[in-house]
Amino acid sequence: MTKKKTKRNFNYHSKRLIATTPKFVHGMLVGAFIGALFVELLRATFPALALSVARDCSQNAILPCGATSKTEFIGDLKINKPDDLQGVYAWSGLPSNDYNQFLSSAELGSDLRDGRIVVDGQTVATDAWSIGRQQIPGETAFRINGKTYFRGNNQVAYGSGVESIPVWVLFNSQGVVQFAVMPPCGNSVFGTPIKRPRPTPTPTPTPTPTPSPTPTPAPTPTTQVTTASAPITQLPNTGPGAVIIIALLAVIGGYAFHMTHRHLRRRRHTLHHRPAHAHSAR
């Protein structure tokens with residue numbers, strides 16, 4: 001006779017959900033922790049891949065939604081969509097024959113609200129201003145290749161609470177800013193350039209002759225350690241990449257914890273209800 005299947009009511013399913021949820025949540029927490037460690041490992045091993053920015057997808061952005069890497073930026077320029085990108089950036093100091101130079105040599109710095117552009121701890125330009133597609137109160141209109149854009153200094157263009165925006169800066173052979181652009185929006189940045197000081201070469205000391213009657217033993221060589229201010233190597237971590245990785249591993253961890261707990265519970269149930277072996281007939 002077929003055993004009648006027992007219907008499970010809402011109370012049963014709600015209690016079951018409550019019983020299993022903690023295991024899933026615990027797994028999510030462990031998975032999120034592992035995901036965070038994994039993201040930090042990626043950043044330490046591949047810093048170029050870890051760059052992420054809060055993309056600006058507003059109508060004011062010269063390059064809609066900006067770029068998270070120099071490779072992405074130059075790739076968008078070559079596609080030239082919108083079709084005025086190459087013209088705007090050539091006018092701003094980056095013609096097409098300098099794309100490879102930008103990829104290999106452009107450095108990451110900061111454009112500060114006070115108008116200074118800082119790279120590697122050095123101020124390389126002052127009185128900074130930028131351009132955009134929409135007019136912000138206080139900005140003035142100008143034209144590039146017959147199309148209207150708007151320009152304004154940082155005090156005018158920066159929103160409330162914004163004190164600094166990352167910029168990629170390309171220097172010419174004299175150490176002067178040739179081109180600067182904001183990764184989040186692709187808006188070109190300009191200013192009064194300050195020539196980068198070249199490192200002063202260490203003079204070679206003149207060796208002192210050793211008197212022949214009394215030879216002097218050679219001095220023990222010493223290692224000279226110099227410290228320099230660390231350059232900025234990554235943008236603010238506000239992009240979606242790290243969040244997606246952590247969320248994905250959190251879900252995987254929660255599912256793994258839930259299935260493992262379910263398997264162990266079934267195994268315990270089977271062992272507990274296993275019938276005793278029948279005694280052998282005499």
Taking side chain as C-beta onward, heavy atoms only, is [X] less than 4.5 Å from [Y]?
{"X": "W129", "Y": "V156", "result": "no"}
{"X": "V124", "Y": "V177", "result": "yes"}
{"X": "V181", "Y": "V167", "result": "no"}
{"X": "R55", "Y": "T68", "result": "yes"}
{"X": "L108", "Y": "W168", "result": "yes"}

If you compare all heavy atoms of S92 against all heavy atoms of S188, which two are closest, and at what distance to 0.1 Å?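 So the two residues come closest at OG-OG, 3.0 Å.
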If you compare all heavy atoms of A157 against all heavy atoms of G152, which two are closest, and at what distance to 0.1 Å? CB-O, 4.3 Å
I would like to know whether S58 and N60 meet side-chain hydrogen bond (donor to acceptor under 3.5 Å, both in side chains); could you show each step before the answer? CA-CA 5 Å; S58 70; N60 187 52; 5.2 Å; no
[atom1]/[X] to [atom2]/[Y] distance, rounded to the nearest 0.5 angstrom?
{"X": "F102", "Y": "L94", "atom1": "CZ", "atom2": "CG", "result": "6.5 Å"}
{"X": "I117", "Y": "T126", "atom1": "CD1", "atom2": "OG1", "result": "8.5 Å"}
{"X": "L63", "Y": "C185", "atom1": "CG", "atom2": "SG", "result": "8.5 Å"}
{"X": "S110", "Y": "I165", "atom1": "OG", "atom2": "CD1", "result": "10.0 Å"}
{"X": "Y158", "Y": "S130", "atom1": "OH", "atom2": "OG", "result": "7.0 Å"}
{"X": "R116", "Y": "T192", "atom1": "CZ", "atom2": "OG1", "result": "14.0 Å"}

Passes side chain to side chain contact (heavy atoms under 4.5 Å, CB included), L112 versus V118? Steps please. CA-CA 8 Å; L112 308 181; V118 178; 3.9 Å; yes
Check whether F150 and I136 end up in the same hydrophobic cluster, where Ile, Leu, Val, Met, Phe, Trp and Tyr are linked by side-chain heavy atoms less than 4.5 Å apart.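 No, F150 does not connect to I136 through the hydrophobic network.
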Side chain to side chain contact (heavy atoms under 4.5 Å, CB included), that's the test. Do D84 and Y149 meet it? Break it down for me. CA-CA 11 Å; D84 62 345; Y149 304 87; 2.6 Å; yes
Do E139 and R133 sit within salt-bridge range, that is, some charged N less than 4.0 Å from a carboxylate O?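 A salt bridge is absent here (no side-chain N lies under 4.0 Å from a carboxylate O).
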Candidate pair F142 and W91, rule ring pair (Phe, Tyr, Trp, His ring centres under 6.0 Å), full reasoning: CA-CA 12 Å; F142 71 103; W91 181 88; 5.3 Å; yes
Hey, does the side chain of [X] reach the backbone of [Y] with a donor-acceptor pair shorter than 3.5 angstrom?
{"X": "K70", "Y": "L103", "answer": "yes"}
{"X": "Y89", "Y": "G186", "answer": "yes"}
{"X": "N187", "Y": "I131", "answer": "yes"}
{"X": "R151", "Y": "A141", "answer": "no"}

Step-by-step side chain to side chain contact (heavy atoms under 4.5 Å, CB included) determination, S105 to L170: CA-CA 7 Å; S105 303; L170 178 64; 4.1 Å; yes
Would you mind writing out the side-chain donor-acceptor pairs for residues 73-80 within the sub-3.5 Å range, not counting sequence neighbours?
{"unit_1": "N80", "atom_1": "OD1", "unit_2": "L85", "atom_2": "N", "d": "3.2"}
{"unit_1": "N80", "atom_1": "OD1", "unit_2": "Q86", "atom_2": "N", "d": "2.9"}
{"unit_1": "N80", "atom_1": "ND2", "unit_2": "D83", "atom_2": "O", "d": "3.1"}

Go through it in stages, so that I can follow the logic: the residues are R196 and E107, the test is salt bridge (Lys or Arg N to Asp or Glu O under 4.0 Å), and I'd like the CA-CA distance, side-chain angles, deciding distance and then a yes or no. CA-CA 13 Å; R196 262 180 133 177; E107 301 179 45; 2.8 Å; yes
Carefully, step by step, assess N153 and D127 under the rule side chain to side chain contact (heavy atoms under 4.5 Å, CB included). CA-CA 7 Å; N153 61 38; D127 303 321; over 6 Å; no
Audit row: N154, D111, side-chain hydrogen bond (donor to acceptor under 3.5 Å, both in side chains) steps and yes/no: CA-CA 8 Å; N154 292 359; D111 184 17; 2.9 Å; yes
